[in-house]
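First comes the structure, then the notes that go with it.
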Amino acid sequence: MTLTAPAPPAPADTAKRPVRGPRSRTGTSSWTPWLYLLPALAVLGALLVYPVYQLGLISFLEYTQAQVSGGEPTSFQGLGNYTALFADPQFRQVLLATVVFAAACVAGTLAVGCALAVLLTRVRALPRLALMLAALGAWATPAVTGSTVWVFLFDADFGPVNKLLGLGDFSWTYGRYSAFALVLLEVVWCSFPFVMVTVYAGIRAVPTEVLEAAALDGASQWRIWRSVTAPLLRPILAVVTIQSVIWDFKVFTQIYVMTGGGGIAGQNLVLNVYAYQQAFASSRYSLGAAIGVVMLLILLAVTLVYLRLLRRQGEEL
């Protein structure tokens, strides 16, 4: 008969040790950050998700003034509004004009903002303070006020710009391209301060040792910016680029005020103004909602593609 020694009892602390969830490297639970973000996510869900849901729902319905007043029942149209929208040649023309105009505004805003951010690092304290105050004044000016002032400055009869340039009674808002150029200048004027302040803060955070080492190696200022400063600022430039794309793609006030609602015969229409005309001027709310959904999808696609390109280059935001 063989005797087997009994197994030693498990330690009391091990037997009663509670099962814990996964923990991060810092020792906190992986759900802890989400608990802190929960109030903000709840607010965003109430202010963003539900309106987007309603916008998408209306875009699939027949929703005109007759349905709003209760004279006719609401009917489901499926993709009918989108089919009618993309079959409209004016919509395709407005979409192309919006993309080109937004791209020009983003390029101009980034160029002016980055150039002035570099200038802020080269001037003394007093000129820097004056430039910052002037830029923040332009940034704080309401879009309606700024657009009205720019229309007066370039007025054909009383504007000082035409008198200074000797253009006589030239009307900037009569031609399609001159009107777009005028609006572009105003959009850049009111948008570059955000880029300037953000990029300037990023430049000040770059280690001076790196810049001094590049200068000692004989690199020019342009080479230092292109090869040293810009790569270090890539995450910041990504943020300001995405923000500028969102702002400039959905420009409404400047176009509406400066071109009188879209220019002569709608030659200066952009998607936001076109959606406003379809929804409120023509009481075709479902078609205006469909335009809003198209704009949302375009902006999401541009943002995701840009972020994906940054991830491929090894950048983290």
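Being a predicted model, the structure only gives us computed values, none of them experimental. In this chain, residues are counted from 1 in sequence order. Computation of the quantities below employed the complete heavy-atom set of this structure, encompassing side-chain atoms and omitting hydrogens, waters and symmetry-equivalent molecules.
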request  = Could you note down all residue pairs passing side-chain hydrogen bond (donor to acceptor under 3.5 Å, both in side chains) where residues 145-154 supplies at least one of them, sequence neighbours left out?
outcome  = none

Sidechain-backbone polar pair: Asp155 side chain, Asp157 backbone, donor-acceptor under 3.5 Å = yes

key: Gln54: partners by side chain to side chain donor-acceptor pair (under 3.5 Å), with sequence neighbours left out   = Tyr50

key: Ala156 versus Asn162, closest heavy-atom pair with distance   = CA-ND2, 3.7 Å

query = Ser283 side chain to Ala279 main-chain N or O, any donor-acceptor pair under 3.5 Å?
reply = no

task = Would you list the pairs meeting side-chain hydrogen bond (donor to acceptor under 3.5 Å, both in side chains) in which at least one residue belongs to residues 100-127, sequence neighbours left out?
result = Arg122-Gln221

key: Under 3.5 Å donor-acceptor, Gln67 side chain and Thr64 backbone   = yes

Atom pairs and distances, side-chain donor-acceptor, residues 256-267, under 3.5 Å, sequence neighbours left out:
unit_1 : atom_1 : unit_2 : atom_2 : d
Thr259 : OG1    : Ile255 : O      : 2.4
Thr259 : OG1    : Gly262 : N      : 3.1
Thr259 : OG1    : Gly263 : N      : 3.4
Gln267 : NE2    : Tyr174 : O      : 2.8

inquiry  = Does Leu136 form a side-chain contact (heavy atoms from CB on, under 4.5 Å) with Val197? I'd like the steps, not just the answer.
reply    = CA-CA 9 Å; Leu136 293 178; Val197 172; 4.2 Å; yes

ask   = Of Val99, Asn272, Leu269, Asp88, which meets side-chain contact (heavy atoms from CB on, under 4.5 Å) against Val94?
value = Leu269

message = To the nearest 0.5 Å, what is the distance between CD1 on Ile242 and CG on Leu304?
response = 9.0 Å

message = Please report the interatomic distance OH(Tyr200) to CG(Leu119), rounded to the nearest 0.5 Å.
response = 10.5 Å

ask   = Who else is in the cluster with Leu47 when I, L, V, M, F, W and Y are joined by side-chain contacts under 4.5 Å?
value = Val43

task = Keeping to residues at least two apart or across chains, list the side-chain hydrogen bond (donor to acceptor under 3.5 Å, both in side chains) pairs with something in residues 206-215.
result = none

inquiry  = Which residues pass the side chain to side chain donor-acceptor pair (under 3.5 Å) test with Ser75, not counting sequence neighbours?
reply    = Glu62, Gln77

ask   = From Trp225 CH2 over to Ser220 OG, what is the distance, rounded to the nearest 0.5 angstrom?
value = 13.5 Å

remark   = For Ala214 and Val228, the nearest pair of non-hydrogen atoms, with its separation, is CB-CG2, 4.1 Å

query = To the nearest 0.5 Å, how far apart are CZ in Phe152 and CZ in Phe158?
reply = 8.5 Å

task = May I have the step-by-step check of side-chain contact (heavy atoms from CB on, under 4.5 Å) for Phe249 and Met295, ending in yes or no?
result = CA-CA 8 Å; Phe249 192 81; Met295 293 179 60; 4.1 Å; yes

query = Hey, does Thr98 have a side-chain heavy atom less than 4.5 Å from the side chain of Tyr274?
reply = no

inquiry  = Using the rule that Ile, Leu, Val, Met, Phe, Trp and Tyr join whenever any side-chain heavy atoms are under 4.5 Å apart, tell me whether Leu55 and Val68 fall into a single cluster.
reply    = yes

request  = Apply the test side-chain hydrogen bond (donor to acceptor under 3.5 Å, both in side chains) to residues Tyr63 and Asn81: give CA-CA distance (whole Å), side-chain angles for both, the deciding distance (0.1 Å), then the verdict.
outcome  = CA-CA 10 Å; Tyr63 202 72; Asn81 291 319; over 6 Å; no

key: Test side chain to side chain donor-acceptor pair (under 3.5 Å) applied to Ser227 - qualifying residues, sequence neighbours left out   = Arg223

ask   = Does Val49 share a hydrophobic cluster with Val293, counting links as ILVMFWY side-chain heavy atoms below 4.5 Å and allowing steps through other members?
value = no

message = Would a single hydrophobic cluster contain both Phe91 and Leu297, if residues Ile, Leu, Val, Met, Phe, Trp and Tyr are joined by side-chain heavy-atom contacts under 4.5 Å?
response = yes

ask   = Hey, does the side chain of Arg92 reach the backbone of Phe86 with a donor-acceptor pair shorter than 3.5 angstrom?
value = yes

remark   = For Tyr285, the side chain to side chain donor-acceptor pair (under 3.5 Å) test, sequence neighbours excluded, returns Gln65

query = With clusters built from Ile, Leu, Val, Met, Phe, Trp and Tyr whose side-chain heavy atoms come within less than 4.5 Å, directly or transitively, what are the remaining members of the cluster of Leu216, listed by chain and number?
reply = none

request  = Report yes or no: do Leu133 and Leu120 belong to one cluster of Ile/Leu/Val/Met/Phe/Trp/Tyr joined by side chain heavy-atom distances under 4.5 Å?
outcome  = no

inquiry  = Counting only heavy atoms not in Arg226 (residues, nucleotides, ligands), do more than 12 fall under 6.0 Å from its CZ?
reply    = yes

key: Inter-residue atom distance Phe60.CZ - Leu57.CG, 0.5 Å rounding   = 9.0 Å

remark   = CD1 of Ile298 to OG1 of Thr303, rounded to nearest 0.5 Å, is 11.5 Å

inquiry  = Let's go through Tyr276 and Phe252 carefully: what are the C-alpha distance in whole Å and the side-chain angles of both, what is the deciding distance for ring pair (Phe, Tyr, Trp, His ring centres under 6.0 Å) to 0.1 Å, and is it a yes or a no?
reply    = CA-CA 9 Å; Tyr276 173 82; Phe252 174 83; 5.4 Å; yes

inquiry  = Apply the hydrophobic cluster definition, ILVMFWY joined by side-chain contacts under 4.5 Å directly or through others, and give me every member besides Leu300.
reply    = Leu48, Val52, Leu296

ask   = Is the shortest heavy-atom distance from the side chain of Val239 to the side chain of Thr198 under 4.5 Å?
value = no

ask   = With a 4.5 Å limit on heavy-atom distance, are the side chains of Val151 and Thr173 in contact?
value = no

key: Path from Val123 to Val199 over hydrophobic side-chain contacts below 4.5 Å   = yes

Residue pair Cys114, Leu237: steps toward the side-chain contact (heavy atoms from CB on, under 4.5 Å) verdict = CA-CA 9 Å; Cys114 291; Leu237 293 176; 4.0 Å; yes

Using distance only, find each side-chain donor-acceptor pair of residues 177-196 under 3.5 Å and give its atom names and separation, not counting sequence neighbours.
unit_1 : atom_1 : unit_2 : atom_2 : d
Ser178 : OG     : Trp172 : O      : 2.7
Ser178 : OG     : Gly175 : O      : 3.2
Ser191 : OG     : Val187 : O      : 2.7

query = Going through the checks in order, is the side-chain contact (heavy atoms from CB on, under 4.5 Å) test met by Val294 and Tyr82?
reply = CA-CA 9 Å; Val294 171; Tyr82 294 95; 4.2 Å; yes

